[in-house]
Amino acid sequence: GENVGLHLPTLSVQEGDNSIINCAYSNSASDYFIWYKQESGKGPQFIIDIRSNMDKRQGQRVTVLLNKTVKHLSLQIAATQPGDSAVYFCADILYGQNFVFGPGTRLSVLP
Amino acid sequence: GAVVSQHPSRVICKSGTSVKIECRSLDFQATTMFWYRQFPKQSLMLMATSNEGSKATYEQGVEKDKFLINHASLTLSTLTVTSAHPEDSSFYICSARFQGAEAFFGQGTRLTVV
């Protein structure tokens, strides 16, 4: 992902529904990807990661899908809860060194 | 997971003064530490990367004389904002990594320059 400094897109979902947050990355050489969750006023927290030799990885209530053909990453959250409300960032690793963060998506969970 | 402690969490300083922010890895040795800046409703912007014992590598557009980074040990990196001005007010976040790819983030520091 490229940080383009735009205002964050927002995804609103009903509590209990599944959420899908998407991310595009630009560098085909990236070989490691991470999703972070950032709550207001706090630093990012690791959610789940995936390496480029995989196309799917599952965690607790979360699944990350990687499509290298179109350079697309998605985060699926099952049974979304109010505590999932936050900003979600994807990050890809450039040449094994620096993280490149996507612009982020704000997830709002509606009661 | 690993813990990265960042201090202070909030600081207010007068214009023209300098502010130091500390980033510590509490339960692992961080071979690399990163410093980010984040403006409201925007993504993290990498400022610099530092490896223990060597000079930091700054991203384009980041003034190294204004944002002094020291990575003196495998568990501590500091960012000093020198001669701070109101436009330096922002949320600063550090992250630390030990060899592997995953990075752990500090809680962030809200800097307000008045």
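Numbers restart at 1 for each chain; the letters A, B, ... are given by sequence-line order, proteins then strands. None of the values given here were measured: they were computed from a predicted structure.
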Going hydrophobic residue to hydrophobic residue with side-chain gaps under 4.5 angstrom, can you get from L65(A) over to V62(A)?
no
Tell me whether F67(B) shares a hydrophobic cluster with L46(B), the cluster being built from Ile, Leu, Val, Met, Phe, Trp, Tyr side chains joined at under 4.5 Å.
no
At under 4.5 Å between heavy atoms, what parts of residues 72-92 of chain B are in contact with chain A? List them by residue number.
F91(B)
More than 12 heavy atoms of other groups within 6.0 Å of L110(A) CG
yes
Can I69(B) be reached from L111(B) by stepping across I, L, V, M, F, W or Y side chains whose heavy atoms are under 4.5 Å apart?
yes
Answer yes or no: is there a side-chain heavy-atom contact under 4.5 Å between I93(B) and K42(A)?
no
Check against side-chain contact (heavy atoms from CB on, under 4.5 Å), Q42(B) and V87(A)
CA-CA 10 Å; Q42(B) 294 189 17; V87(A) 175; over 6 Å; no
Taking atom NZ of K68(A) as the centre, does the number of heavy atoms from other residues, nucleotides or ligands within less than 6.0 Å exceed 12?
yes
Once side chain to side chain donor-acceptor pair (under 3.5 Å) is applied, do any residues pair with S19(A), and if so which ones, sequence neighbours excluded?
T80(A)
Single-linkage hydrophobic cluster I77(A)~L66(A), side-chain heavy atoms < 4.5 angstrom:
yes
At a heavy-atom separation under 4.5 Å, does Y36(B) approach chain A through its side chain, its backbone, both, or neither?
side chain
Proximity breakdown for Q45(A) and chain B, heavy-atom pairs closer than 4.5 Å:
neither
Shortest non-hydrogen contact from L44(B) to F89(A)?
N-CE2, 4.3 Å
Please report the C-alpha distance between F46(A) and F105(B) in whole Å, then the side-chain angles of each, then the deciding distance to 0.1 Å, and finally whether the ring pair (Phe, Tyr, Trp, His ring centres under 6.0 Å) criterion is met.
CA-CA 8 Å; F46(A) 172 90; F105(B) 286 81; 10.0 Å; no
Please determine whether the number of non-hydrogen atoms from other residues, nucleotides or ligands lying under 6.0 Å from atom NE2 of H7(B) exceeds 12.
no
Is there a donor-acceptor pair under 3.5 Å between the side chain of S43(B) and the backbone N or O of G102(A)?
yes
If you count every heavy atom of other residues, nucleotides or ligands that lies below 6.0 Å from K20(B) atom NZ, does the total exceed 12?
no
Which answer fits E59(B), side chain, backbone, both or neither, if we ask what part of it has an atom under 4.5 Å from a heavy atom of chain A?
side chain
Has R61(A) got more than 12 heavy atoms of other residues, nucleotides or ligands less than 6.0 Å from its CZ?
yes
